[in-house]
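Everything numeric in this text was worked out from a predicted model, so none of it was measured.
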Amino acid sequence: MRRKQQIQAMQQELALLRQTVDSGKELAALVTGAAQQLKKPSIRTIAVQVMKTPRFRRAALIAGGAAAVGTVGAVAARYRFYQTIVAQEVKKALKPVHDQLDDLQATVDAMAEAEGIEPEKARKGKKHRR
């Protein structure tokens, strides 16, 4: 299920990037048109005119959204990767403790049987392993 969500997220990101490219093409056409309309076009004047257009704002919003999605995805993947590594290391570190707990539980069960108590009733706590 998680893989399917990742694929959908990637498809959405791809659609946003395609929109960004299309908006970029539209912006290039706007800049060219604005430059042809001016007698003495200056870069500053062209830039101001282009930034005032709704298409530019939409393209900037799409590009910012795509960048945010990419950043969040990368951070989530990195977090999951390190979380897996830490979980494995903790499991390795706790293995000797778990073995000692198993030995102690076996001793408690043996003592309970020797006293005539059922081993299941002698256990008060939860088992340490899942």
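Each side chain to side chain donor-acceptor pair (under 3.5 Å) pair with one or both residues in residues 83-94, not counting sequence neighbours, appears once here: R80-Q83. Screening residues 65-76 for side chain to side chain donor-acceptor pair (under 3.5 Å) gives no qualifying pairs among residues at least two apart or on separate chains. Residue pairs meeting the salt bridge (charged side-chain N to carboxylate O under 4.0 Å, His left out) criterion with at least one partner in residues 67-79, sequence neighbours excluded, do not occur; the list is empty.
When the side-chain hydrogen bond (donor to acceptor under 3.5 Å, both in side chains) test is applied to R57, no partner is found at least two apart in sequence or on another chain.
In this structure, L94 belongs to a hydrophobic cluster whose other members, linked by side-chain heavy atoms under 4.5 Å apart, are V86, V90. Under a 4.5 Å side-chain heavy-atom cut-off, the cluster of Ile, Leu, Val, Met, Phe, Trp and Tyr residues that includes F81 is completed by Y82, I85.
Paired with Q105 under the rule side-chain contact (heavy atoms from CB on, under 4.5 Å), one option of D109, L101, D102 passes, and it is D109.
Here the closest heavy-atom approach between residue A93 and residue P96 is recorded as O-CD, 3.4 Å.
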